[in-house]
Amino acid sequence: MKKRALIFGITGQDGSYLAEFLLKKNYIVHGVKRRSSSPNTERIDHIFDSINKKNKNLFVYYGDVTDSSNIIRIINQTKPHEIYNLAAQSHVKVSFELPDYTANTTALGPLRILECIRSLNLEKKIKYYQASSSEMFGNTKEKPQNEKTKFDPRSVYGISKVFAHHITTNYRDAYGIFACSGILFNHESPRRGPNFVTKKIISGLLRIKNDKQKYLTLGNLYAKRDWGHAKDYAYAMWKMLQGKKPNDYVISTGNQITVKQFVSLSAKRIGIKLKWKNKGLKEIGIDQRNNNTIIKISKAYFRKTEVDDLLGNYSKAKKELKWKPKFTLNKLIDDMVANN
Ligand code: NAP
Ligand code: GDD
């Protein structure tokens with residue numbers, strides 16, 4: 001019998017890679033997409049087509065994690081062996097503008113799914129994956145961060161993810177659900193949303209190189225992140241649900257650089273020689289080919305409270321799941337450049 005997986009957030013970056021991966025593993029994949037006024041299935045259109053049935057093992061349903069009624073219906077209808085909850089309002093800065101909606105989706109969404117599993121008496125039948133985040137570590141002084149590092153979140157998004165993380169542990173302990181949280185550090189890909197910094201930098205630099213844009217405006221250049229590739233991280237999600245016991249795992253690369261270093265490295269790989277000048281809001285990046293200012297800074301992109309320093313220790317995943325990242329940072333950037 002084929003395994004069945006249900007993915008909340010299948011239209012997102014990670015959901016699309018996970019769906020591809022599970023289909024290759026011969027799963028029947030069910031996915032939940034939100035209703036939107038214009039198409040939001042761009043990332044899965046190559047594998048899904050409701051009319052011509054490009055893939056007979058992939059099914060997509062309208063749903064929303066802010067509404068329990070559809071969650072019950074879809075779980076009942078699809079009878080999944082594994083649920084991956086990747087649905088979230090996932091942008092940290094936007095969470096300051098949409099606090100109520102972010103908490104409703106990112107914190108209460110997982111509670112609704114877990115509560116459906118419990119109320120349908122499916123505790124022993126469904127394995128559950130929760131998309132936890134390194135953003136939960138926030139302002140911690142511990143470095144690198146591991147599964148035991150104390151959370152100190154700095155945004156509505158981070159705080160919502162801490163709630164979701166704890167509620168997942170609680171449903172595992174209280175009701176015996178095989179529930180795992182992957183504490184994933186930043187991961188990127190050609191499918192990354194355009195308003196996350198890596199995608200914004202690479203798309204912007206490519207447009208500048210091709211004379212389609214004059215400059216790129218960024219915020220805090222000095223935050224440090226541990227950036228990996230979404231393909232490697234989707235594989236880790238699946239690995240967690242194949243373990244003997246449910247557990248939580250940090251997934252990261254173990255390397256970090258600043259946003260500024262990411263700009264310089266990307267520019268170099270794209271063939272732009274960049275020189276930095278000035279400090280603070282006056283800091284600029286100059287294209288040495290023509291002396292044009294191609295990087296500017298604006299207050300508009302700074303966060304009210306920032307997370308300065310994220311670096312993950314993935315030894316537990318390496319030991320117990322035999323997981324390690326395949327993509328180096330250079331390979332990640334090259335993939336994003338080649339498939340922008
Ligand atoms: P993403 O590209 O923003 O995808 C989020 C997905 O959630 C999209 O499919 C989105 O639908 C869906 N969604 C949003 N609100 C929803 C709602 N109310 N009901 C149902 N679906 C909803 O994010 P991602 O980068 O793939 O990340 C996947 C998950 O991992 C998220 O939970 C994120 O917070 C978490 N995470 C991400 C990273 C990272 O670096 N990428 C790191 C740690 C944790 P639309 O396509 O219609 O918007
Ligand atoms: N988005 C954005 N846009 N960020 C900028 C910009 C800009 O113009 N300029 C500087 N930054 C800085 C942010 O202040 C932050 O410190 C860093 O770049 C990374 O920002 P994002 O790419 O937006 O990612 P994030 O780290 O806030 O959140 C991502 O990673 C989390 C895991 O730690 C998201 O994918 C979250 O969903 C995820 O949980």
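Just follow the structure's listing: the first ligand is 1, and inside any ligand the first atom is 1.
- Counting the atoms of ligand 2 from 1 in the order shown, those under 4.0 Å from a heavy atom of S90 are 34 (C), 36 (C), 37 (O).
- Of the inter-residue distances, the one linking R118 atom CZ with L111 atom CG reads 10.0 Å to the nearest 0.5 angstrom.
- Tested against H91, the residues Y101, F96, F196 include a single ring pair (Phe, Tyr, Trp, His ring centres under 6.0 Å) partner, F196.
- No side-chain donor from either of Y215 and Q213 sits under 3.5 Å from a side-chain acceptor of the other.
- The ligand atoms of ligand 1 that sit less than 4.0 angstrom from a heavy atom of K161 are 31 (C), 32 (O), 33 (C), 34 (O), 35 (C).
- For atom 43 (C) of ligand 1, the nearest protein heavy atom (residue, atom name, distance) is L184 O, 3.1 Å.
- Among all non-hydrogen protein atoms, the one lying nearest atom 15 (C) of ligand 2 is R225 NH2, 3.5 Å.
- Counting heavy atoms under 4.0 Å from ligand 1, residue E135 does not touch it at all.
- Of all the heavy atoms of R303, the ones lying under 4.0 Å from any atom of ligand 2 belong exclusively to the side chain.
- Under the 4.0 angstrom criterion for non-hydrogen atoms, R154 is not in contact with ligand 2.
- With a 4.0 Å cut-off on non-hydrogen atoms, N195 touches ligand 2 through its backbone and not its side chain.
- Backbone and side-chain nitrogen or oxygen atoms of L86 are examined, and one is located within less than 3.5 angstrom of a nitrogen or oxygen of ligand 1.
- The closest non-hydrogen atom to atom 31 (C) of ligand 2, taken over S133, A131, G312, comes from S133.
- When only non-hydrogen protein atoms are considered, atom 7 (C) of ligand 2 lies nearest to K200 NZ, 3.8 Å.
- Ligand 1 has no atom lying under 4.0 Å from any heavy atom of V32.
- A side-chain N or O of T149 and one of E142 form a donor-acceptor pair less than 3.5 Å apart.
- For ligand 2 and G219, the ligand atoms under 4.0 Å from any heavy atom of the residue are 6 (C), 8 (O), 9 (N), 10 (C).
- Nearest non-hydrogen protein atom to atom 17 (C) of ligand 1 is D64 OD1, 3.4 Å.
- In this comparison of G193, S132, S95, the heavy atom closest to atom 44 (C) of ligand 1 sits on S132.
- Here the shortest heavy-atom distance to atom 23 (O) of ligand 1, taken over S36, S90, S252, belongs to S90.
- Two rings, from F137 and F151, have their centers less than 6.0 Å apart.
- The aromatic rings of F21 and Y235 stand perpendicular to each other, their planes meeting at an angle above 60°, with 30° marking the opposite boundary.
- Taking a cut-off of under 4.0 Å to the non-hydrogen atoms of S134, the atoms of ligand 2 that pass are 32 (C), 33 (O).
- Contact annotation: F302 has no heavy atom less than 4.0 Å from any atom of ligand 2.
- The closest approach between any non-hydrogen atom of H91 and ligand 1 is not below 4.0 Å.
- Counting protein heavy atoms only, atom 35 (O) of ligand 2 is closest to R192 NH2, 2.8 Å.
- At a cut-off of 3.5 Å, with distance as the only test, a side-chain donor of Q256 or D309 sits close to an acceptor on the other residue.
- Annotation: atom 37 (C) of ligand 1 to nearest protein heavy atom, H187 CE1, 3.8 Å.
- Protein heavy atom nearest atom 48 (O) of ligand 1, with residue, atom name and distance: R34 NH2, 2.6 Å.
- Transitive grouping of hydrophobic side chains (ILVMFWY, heavy atoms separated by less than 4.5 Å) keeps F327 and W323 in distinct clusters.
- A donor-acceptor pair shorter than 3.5 Å can be found between the side chains of H46 and E20.
- Atoms of ligand 2 lying under 4.0 Å from any heavy atom of E135, numbered from 1 in the order shown and given with element: 33 (O).
- Contacts between D14 and ligand 1, counted as non-hydrogen atom pairs separated by less than 4.0 Å, involve both the backbone and the side chain.
- For ligand 2, the atoms sitting less than 4.0 Å from at least one non-hydrogen atom of H91 are 1 (N), numbered in the order shown with element in parentheses.
- With hydrogens and angles ignored, the 3.5 Å screen pairs no side-chain donor or acceptor of S264 with any backbone N or O of Q261.
- Residue contact check for ligand 1: Y233 places no non-hydrogen atom closer than 4.0 Å to it.
- For the residue pair E283/Y222, the side-chain donor-acceptor check at 3.5 Å is satisfied.
- Taking every non-hydrogen atom of L310 and a distance limit under 4.0 Å, the qualifying atoms of ligand 2 come out as 33 (O).
- Residue contact check: G12 has heavy atoms under 4.0 Å from atoms 2 (O), 4 (O), 8 (C), 9 (O), 26 (O) of ligand 1.
- A donor atom on one side chain and an acceptor atom on the other are not found under 3.5 Å apart for H229 and S189.
- Nearest-residue assignment for atom 34 (O) of ligand 1 (options W227, Y157, Y84; heavy-atom criterion): Y157.
- Looking at V65, I44, N40 and measuring to atom 47 (O) of ligand 1, the nearest heavy atom belongs to N40.
- Across the listed options V197, L184, T258, V197 owns the non-hydrogen atom lying nearest to atom 22 (O) of ligand 2.
- For ligand 1, the atoms closer than 4.0 angstrom to any heavy atom of N186 are 40 (O).
- Using a 4.0 angstrom heavy-atom cutoff, K33 does not count as in contact with ligand 1.
- The heavy atom nearest to atom 14 (C) of ligand 1, out of those in A88, S133, A87, is found in A88.
- Of the protein's heavy atoms, N186 ND2, 3.5 Å lies nearest to atom 29 (C) of ligand 2.
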